[in-house]
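Okay, structure first, notes after.
These numbers were taken from a predicted model, which means no experiment stands behind them.
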Amino acid sequence: QVQLVESRGGLVQAGGSLRLSCAASGSTFSSYAMGWFRQAPGKEREFVASISRSGRSTYYTGSVKGRFTISRDNAKNTMYLQMNSLKPEDTAVYYCAAGTTAQTGQAMRIMGQYDYWGQGTQVTVSS
């Protein structure tokens, strides 16, 4: 079992940048594919980005491609989401998630593939 803790989000102006981190503990971090999801007010939780166990494979939802970068440091048991050129529509609670998979190169996109979730962190982008 793994515990996930997201860093504090924050308030940023449109066009600005923010980096989220997700610290894992309690299990072997490199055993899990990782992902970021977000949930805006009144909307369902949606996929943002994912990264394979090895870190070599990544996947992004179309609306963040080219603006967000997911990465991980298995030695530090931490995953990151670098968010650039932020837009008001990026405002949401961001969640990190860990999914068990035997495949080191698999980046998972489906919420049901993830077994563990962080508590979420608020990101607000003002216009």
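Counting only heavy atoms from C-beta outward, the side chains of Thr91 and Gln122 approach each other to under 4.5 Å.
Asn74 contributes no side-chain N or O that, together with a main-chain N or O of Ser30, makes up a donor-acceptor pair within less than 3.5 Å. A donor-acceptor pair under 3.5 Å is absent between the side-chain atoms of Arg19 and the main chain of Gln82, judged by distance alone. Judged by distance alone, with hydrogens and angles left aside, the side-chain atoms of Gln106 form no donor-acceptor pair with the main-chain N or O of Ala33 at under 3.5 Å. Gln39 places no side-chain N or O within donor-acceptor distance of the main-chain N or O of Ala92, the cut-off being under 3.5 Å. Panel note: side chain Ser50, backbone Met108; a donor-acceptor pair is recorded below 3.5 Å. Looking only at distances, a side-chain donor or acceptor of Thr121 sits under 3.5 Å from a matching main-chain atom of Gly9. The backbone N or O of Gly35 lies less than 3.5 Å from no partner atom in the side chain of Arg109, so there is not a single donor-acceptor pair.
What you find for Ala14 and Ser127 is that their closest heavy atoms are CB-CA, 4.3 Å. Minimum heavy-atom separation, Ala98 to Val2: CB-CG1, 4.0 Å. When all heavy atoms are compared, the tightest approach of Leu4 to Ala24 is CD2-CB, 3.8 Å.
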So Arg67 and Tyr60, side chain to side chain contact (heavy atoms under 4.5 Å, CB included) or not? Walk me through it. CA-CA 10 Å; Arg67 300 188 298 121; Tyr60 298 90; over 6 Å; no
Report the C-alpha distance between Glu6 and Gln119 in whole Å, list the side-chain angles of each, state the deciding distance to 0.1 Å, and finish with yes or no for side chain to side chain contact (heavy atoms under 4.5 Å, CB included). CA-CA 7 Å; Glu6 296 99 341; Gln119 80 285 357; 2.8 Å; yes
Criterion side chain to side chain contact (heavy atoms under 4.5 Å, CB included) on Asp90 and Arg38, from CA distance to verdict: CA-CA 9 Å; Asp90 294 318; Arg38 66 187 180 187; 2.9 Å; yes
Set out, in order, the CA-CA distance, both residues' side-chain angles and the distance that settles side chain to side chain contact (heavy atoms under 4.5 Å, CB included) for Leu20 and Met83, then state yes or no. CA-CA 8 Å; Leu20 300 179; Met83 304 184 291; 3.7 Å; yes
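Under the 4.5 Å side-chain heavy-atom criterion for ILVMFWY residues, no single connected hydrophobic cluster contains both Trp117 and Val48. Both Trp36 and Val123 sit in one connected hydrophobic cluster of ILVMFWY residues. Membership requires side-chain heavy atoms under 4.5 Å apart, directly or through other members. In the hydrophobic cluster analysis, where Ile, Leu, Val, Met, Phe, Trp and Tyr join through side-chain heavy atoms closer than 4.5 angstrom, Met111 is grouped together with Val93. Transitive grouping of hydrophobic side chains (ILVMFWY, heavy atoms separated by less than 4.5 Å) keeps Leu81 and Tyr95 in distinct clusters.
Summarising the geometry, atom CZ belonging to Arg53 is positioned 9.5 Å from atom OG1 belonging to Thr100; distances are rounded to the nearest 0.5 Å. Separating the CD atom in Gln1 from the OH atom in Tyr116 is a distance of 5.0 Å, to the nearest 0.5 Å. Atom-to-atom distance recorded for Phe29:CZ and Cys22:SG is 6.5 Å, nearest 0.5 angstrom. Atom-to-atom distance recorded for Asp73:CG and Met79:CE is 12.5 Å, nearest 0.5 angstrom. To the nearest 0.5 Å, atom OG of residue Ser63 and atom CZ of residue Phe68 are 7.5 Å apart. Note: Met34 CE to Ile51 CD1 = 9.5 Å, rounded to the nearest 0.5 Å.
Side-chain contact, Ser54 with Ser52: a donor N or O sits under 3.5 Å from an acceptor N or O. Ser27 and Tyr32 form a side-chain donor-acceptor contact under 3.5 Å, judged by distance and modelled atom types alone.
Taking the six-membered ring for Trp and thresholds of 30 and 60 degrees, Tyr114 and Phe37 have ring planes more than 60 degrees apart, a perpendicular arrangement.
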